[in-house]
Amino acid sequence: MDDEFYMNLALREAGKAAKIKEVPVGAVIVDKKSSVIGYGYNRPILSNDPTSHAEINAIRMASGDLKNYRLIDTTLYVTIEPCIMCMGAIIHARIKRVVFGAKDIKWGAVSSLYTMADDKRLNHHTEIRSGVCGDKAKKIIKDFFKNRRSK
């Protein structure tokens, strides 16, 4: 799979969040045939739903597409390291692989704050790849918060 190609799709989703003044995080889920089966961006403020993170929105769409809550043999591309809630959903959905752009030192549950993907107590272990288009993902987040603070 072309990780950079799909991460750029996730970055496009992040841009949609930024346009509506949500924290710009985007996600895309790809099946084993390299087809996009789910995508999403952060919308918790707009939707009045604290679970409306990019990853959760993409998981909901992919599960609907497959008509299955298990997303076996899929890859999730997300611009920023998933949080605890999203990693929990990723593990429950049995997503095979997670590829993320930039680390999240305040909320990250893959390697920054917690290491849920490596927790041997859990019954599913997701493969991780980090740093794909990381500079672009980090820039989108930094610019968003810089603009927000300047207003």
*asked:* Taking W107 as the starting point, is it possible to reach L113 by hopping between hydrophobic residues whose side chains are less than 4.5 Å apart?
replied: no

*Can you find a heavy atom in the side chain of T51 that is under 4.5 Å from one in the side chain of M85?*
yes

*Working to the nearest 0.5 Å, report the span between CG of L76 and CD1 of I59.*
6.0 Å

*Working to the nearest 0.5 Å, report the span between CG of N57 and NE2 of H53.*
9.0 Å

*asked:* Please find the pair of heavy atoms, one from C86 and one from E55, that lie closest to each other, and give the distance.
replied: SG-OE1, 3.4 Å

*Are I56 and Y39 connected, step by step, through hydrophobic side chains (Ile, Leu, Val, Met, Phe, Trp, Tyr) whose heavy atoms are closer than 4.5 Å?*
no

*Minimum heavy-atom distance between S112 and K103, given as atom pair plus value*: OG-CB, 3.4 Å

*Main-chain N/O of D49 paired to S52 side chain as donor or acceptor, under 3.5 Å*: no

*Please say whether more than 12 non-hydrogen atoms of neighbouring residues, nucleotides or ligands are located less than 6.0 Å from OH in Y69.*
no

*asked:* Assigning hydrophobic clusters by single linkage (Ile, Leu, Val, Met, Phe, Trp, Tyr; side-chain heavy-atom cutoff under 4.5 Å), is L122 placed with I90?
replied: yes

*Is K21 close to L46 at the side-chain level, that is, under 4.5 Å between some pair of heavy atoms?*
no

*asked:* How close do C133 and M7 get, counting heavy atoms only, and between which atoms?
replied: CB-CG, 3.7 Å

*Criterion side-chain contact (heavy atoms from CB on, under 4.5 Å) on I37 and V30, from CA distance to verdict*: CA-CA 6 Å; I37 58 170; V30 178; over 6 Å; no

_Please identify which of these residues, I80, V110, V25, V132, meets the side chain to side chain contact (heavy atoms under 4.5 Å, CB included) condition with F100._
V110

*Sub-3.5 Å donor-acceptor pair from the side chain of S47 to the main-chain atoms of R43, do we have one?*
yes

_Side-chain donor or acceptor of R94 paired with backbone N/O of H92 under 3.5 Å_ = yes

*Working to the nearest 0.5 Å, report the span between NZ of K142 and CG of D135.*
9.5 Å

*Closest approach of L71 to N68 (non-hydrogen atoms, all atoms of both residues)*: CD2-O, 4.0 Å

*May I ask you to decide if R60's main-chain N or O and S63's side chain share a donor-acceptor pair within less than 3.5 Å?*
no

*If you group Ile, Leu, Val, Met, Phe, Trp and Tyr by side-chain heavy-atom gaps below 4.5 Å, do I29 and I72 land in one group?*
no

*asked:* Rounded at 0.5 Å granularity, tell me how far CD1 in I20 sits from NZ in K16.
replied: 10.5 Å

*asked:* Does atom NZ (K120) have a neighbourhood of more than 12 heavy atoms from anything else shown, all under 6.0 Å?
replied: yes

*Decide yes or no for Y114 and I84: does some side-chain heavy atom of the first lie under 4.5 Å from some side-chain heavy atom of the second?*
yes

*Would you indicate whether the side-chain heavy atoms of T79 and P24 approach each other to under 4.5 Å?*
no

*Does the side chain of L11 reach to within under 4.5 Å of the side chain of E13, using non-hydrogen atoms?*
no

*So, does N42 use its side chain to make a donor-acceptor pair with the main chain of V23 at under 3.5 Å?*
yes

_If I compare all heavy atoms of I95 with all of T126, which pair ends up nearest, and what's the gap?_
O-OG1, 3.2 Å

*asked:* I need the T115 OG1 to I128 CD1 distance, nearest 0.5 Å.
replied: 10.5 Å

_Hydrophobic clusters here meaning ILVMFWY residues chained together by side-chain heavy-atom distances under 4.5 Å, can you tell me if I91 and V98 are in one?_
yes

*Tell me, do S130 and E81 make a side-chain contact under 4.5 Å, heavy atoms counted?*
no

*Beyond-backbone contact of R97 with Y77, side-chain heavy atoms, under 4.5 angstrom*: yes

*Is the shortest side-chain N to carboxylate O distance from D119 to R121 below 4.0 Å?*
yes

*Work out which heavy atom in G101 is nearest to a heavy atom in A137; give both atom names and the distance.*
CA-CB, 4.3 Å

*State the CE-CG distance between M61 and L66, to the nearest 0.5 angstrom.*
12.0 Å

